[in-house]
Amino acid sequence: MTIEKHEFKTEVKQLLDLMIHSLYSHKEVFLRELISNASDAIDKIRYESLTNKDIAEGDTNWKIKISTDKDKGTITISDNGIGMTKDEAVQALGTIAHSGTKEFLKLLQSKEVKDNPELIGQFGVGFYSSFMIADSITVISRKAGSQQNAAVKWVSAADGAYTVEYTEKTSRGTDVILHLKEEEKKYLESWEIRGIVKKYSDFIEHPVVIEVEKEKDSEISKGSKVKVTEEETLNSMKAIWLKDKSEVTNEEYNEFYKHVSHDFAEPLRVIHYKAEGTSEFNSLLYIPSKAQFNLFYKDFKIGPTLYVKRVQIMEHCEDLIPQYLRFVRGVVDSSDLPLNVSREILQNNRQVETIKKSITKKVLDTLDEMKKHDYDKYLKFYAEFGRLLKEGIHFDFSRKETIADLLLFKSTKTEINEFTTLQKYVDGMREGQEDIYYIIAENMESALKSPYLETFKEKDYEVLIMMDEVDEIVMSSLEYKGKRLKSAIRGDIKLDKAEAKEADKAGKKYKKLIDLIKDKLKDNVKDVRLSGRLKDSACCLVADEGDMDPQMERIMKAMGQDIPQTKRILEINPVHPLFEAMNRIFEKDKESGLLSEYVELLYDQAIIIEGGKPKDPAAFAKTITRLMVERAGS
Ligand code: ADP
């Protein structure tokens, strides 16, 4: 029989390296991970056997067995689950199939993981965690439905490579044989194993048994003893989501979370509830404490594990939860769905739709409750997942306002560690203020210094400061309590009716001058008009109502998108003395070269104010210098 030698993929090598050398303090979790995999494998064949009875070949005595061999120094975890073919073993145990893996590993290699080895667990390192305690691992597996001699033997010592070969295995399923490191031999003791299973895997639905040797009275020769091996079941097998809340300890909740989420860290919040009425189901959901590393990748698997009457149907049922709550993990156990439900049926199923609605509401209610009564925790949640909620505003029309109430914002009025909400904003609106204003900015500092906010400041209007990439798309279409959200740097702003009248007057007075400016700048700007947002500055550039914010345009360009340059509007401050001065020159001589220069400078200034660069910096500097010299007199 040929033995094939394979190199691990680079990611796996790096991961193993981290795994083996990280200072992870709970090495015993390897057993939880292997039991979890075994249980998943049993769930898979159990589910398949619902529609294909033959596949189980009469062996439906689901079981996970732990056995030890003190002489060889091995501990073996066996299951009669679905098993793996040779190709599947190569794929499953030799590669990591998530996108974002490279980025995540880079992060892990940084300082952060040294202080926080638990981070590794987010990755679902599952199987590989055994290399923390084993110097070599052998996996022997036979896939359901395949021949005895088509089993696979996979062996690795985590030295960058593994071997695979065909082998024989009499029964279906998988044996994972760990050859323990010298200093980890304690895992050969049955009391140690018992404790770990009880602690981490008590809720596993299938029996986890250990083989123990016992002495019994001999039936053949009276008075003498014989040694027999007996199986002892270690776990209580109670589905914890079916239990009453009062019967479940925090520790049990946390351990179950780690099982379903493959996260090593504690969850931030547990949501355990039973729905009755039109749809009956039990659910145990969790909000993780950290955003999953691949949350923003396409292949991120969303949705809780779906059970029907305690039988696992599928691991990630994406029809049960909206995308914007995809961070939620857990299980849903329905009493109404048929056992042989398929993905296709789930997609347009009314029951499923009802469950989804109920879960969505429950999660949003929980967040609202956290925000009101456990604010510090909510801040932690928001730092990790706030961005996702904004997706909800965009996609979940019927719950727009509920979600909007969960958002936190920085504003021109918030203190350093403080946030405001839309409700607070609306409560603090000034007399005569009709809209909610926001500015999209890269950071607080540039927002606070922005000349676009001069009038807002003067009138004591609060302006929300948006620093998320998604804000532009989401906020411009949001209405809150009948009030529009308006960008402070886009469209025409008239905060004050009396002032608007004044401006109108000025507009008439300067009409010809403005027309001239418009004509001279026609290649650069869409329009020139009087500004209702400037106080001290002479002019600024703004985007037209329907156009994109320049900040957004910059971001999208940076992301490599091909965005055509949109012409903007030059707004001038009608009460700035500059225009009186320009008007004087204009009235004397429309053709004045000085006036042309002023117009150019006006435009360049506006560009500089928003953080851009004049078209021709050298010419700009030259003109300024000349004016400086002239001003000083000779
Ligand atoms: P995860 O369980 O998060 O997918 P693991 O590294 O623990 O990651 O396992 C990788 C894959 O190996 C599993 O998804 C499964 O396909 C396969 N596998 C592991 N253990 C078993 C087992 N006992 N029986 C069948 N397949 C298994």
Side-chain angles (χ1 to χ4, degrees), residues 6 8-9 11-16 18-20 29-48 55-56 59 62-67 75-101 104-105 120-134 137-146 150-156 158 162 164 169 171-178 200-201 204-206 208 257-264 292-294 299-301 305 312 314-316 329:
H6 293 251
F8 279 118
K9 287 264 149 55
E11 308 83 271
V12 182
K13 279 188 198 163
Q14 288 174 341
L15 187 69
L16 283 173
L18 279 167
M19 204 72 235
I20 293 163
V29 298
F30 81 88
L31 192 55
R32 169 186 77 194
E33 298 300 315
L34 295 184
I35 291 175
S36 203
N37 283 347
S39 169
D40 287 349
I42 293 175
D43 284 336
K44 277 182 194 144
I45 186 155
R46 183 178 58 173
Y47 178 63
E48 271 196 36
I55 192 137
D59 177 11
W62 317 119
K63 195 186 289 177
I64 300 159
K65 192 157 99 187
I66 303 173
S67 44
I75 172 170
T76 301
I77 291 82
S78 310
D79 64 65
N80 55 351
I82 191 90
M84 284 176 276
T85 63
K86 182 165 143 273
D87 287 349
E88 282 169 349
V90 167
Q91 182 60 31
L93 308 178
T95 60
I96 302 172
H98 313 290
S99 47
T101 297
F104 189 70
L105 282 169
I120 269 194
Q122 264 197 42
F123 207 66
V125 279
F127 173 77
Y128 299 117
S129 63
S130 295
F131 281 113
M132 292 193 293
I133 52 102
I137 300 180
T138 301
V139 178
I140 297 176
S141 189
R142 183 177 143 207
K143 176 95 177 181
S146 70
V152 56
K153 180 174 174 185
W154 179 102
V155 183
S156 177
Y162 61 93
V164 273
K169 185 173 185 307
S171 59
R172 175 197 69 227
T174 305
D175 298 340
V176 179
I177 305 152
L178 310 177
Y200 293 109
S201 311
I204 292 287
E205 295 167 76
H206 311 292
V208 178
Y257 166 72
K258 290 171 191 171
H259 167 68
V260 284
S261 68
H262 298 283
D263 187 354
F264 279 31
Q292 294 89 340
F293 77 98
N294 53 350
D299 64 352
F300 180 74
K301 295 214 176 83
T305 306
Q312 180 175 315
M314 71 182 69
E315 255 191 288
H316 296 280
R329 292 296 192 217

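Numbering of ligands and ligand atoms starts at 1, following listing order. Since we're looking at a predicted model, the values are computed, not measured.
The Gly126 neighbourhood of ligand 1 comprises atoms 7 (O), with distances under 4.0 Å to a heavy atom of that residue. For ligand 1, the atoms sitting less than 4.0 Å from at least one non-hydrogen atom of Ala92 are 10 (C), 11 (C), 12 (O), 16 (O), 17 (C), numbered in the order shown with element in parentheses.
Every residue two or more places apart in sequence or in another chain that forms a side chain to side chain donor-acceptor pair (under 3.5 Å) with Glu88 is listed here: Lys143.
A distance-only check finds no donor-acceptor pair linking the side chain of Thr138 to the backbone of Ile177 [under 3.5 Å]. Side-chain atoms of Arg172 do not come within 3.5 Å of backbone N or O of Arg142 as any donor-acceptor pair. With hydrogens and angles disregarded, no donor-acceptor distance shorter than 3.5 Å links the side chain of Ser39 to the backbone of Ile35.
Residue contacts with ligand 1 for Asp40 are absent, since no atom lies close enough (heavy atoms, distance under 4.0 Å). Using a 4.0 Å cut-off between heavy atoms, Leu93 contacts ligand 1 through its side chain alone, with no backbone atom that close.
The closest approach between any non-hydrogen atom of His262 and ligand 1 is below 4.0 Å.
Minimum heavy-atom separation, Gln292 to Phe300: CB-CE1, 3.6 Å. In plain terms, the two heavy atoms of Ala56 and Trp62 that are nearest each other are CB-CH2, 4.4 Å.
The distance criterion of under 3.5 Å between nitrogen or oxygen atoms is not met by Gly83 with respect to ligand 1. Residue contacts with ligand 1: Lys44 is placed with no nitrogen or oxygen under 3.5 Å of a nitrogen or oxygen of the ligand (distance criterion only).
Considering only non-hydrogen atoms, atom 20 (N) of ligand 1 lies nearest to Asn37 out of Asn37, Ile45, Asp175.
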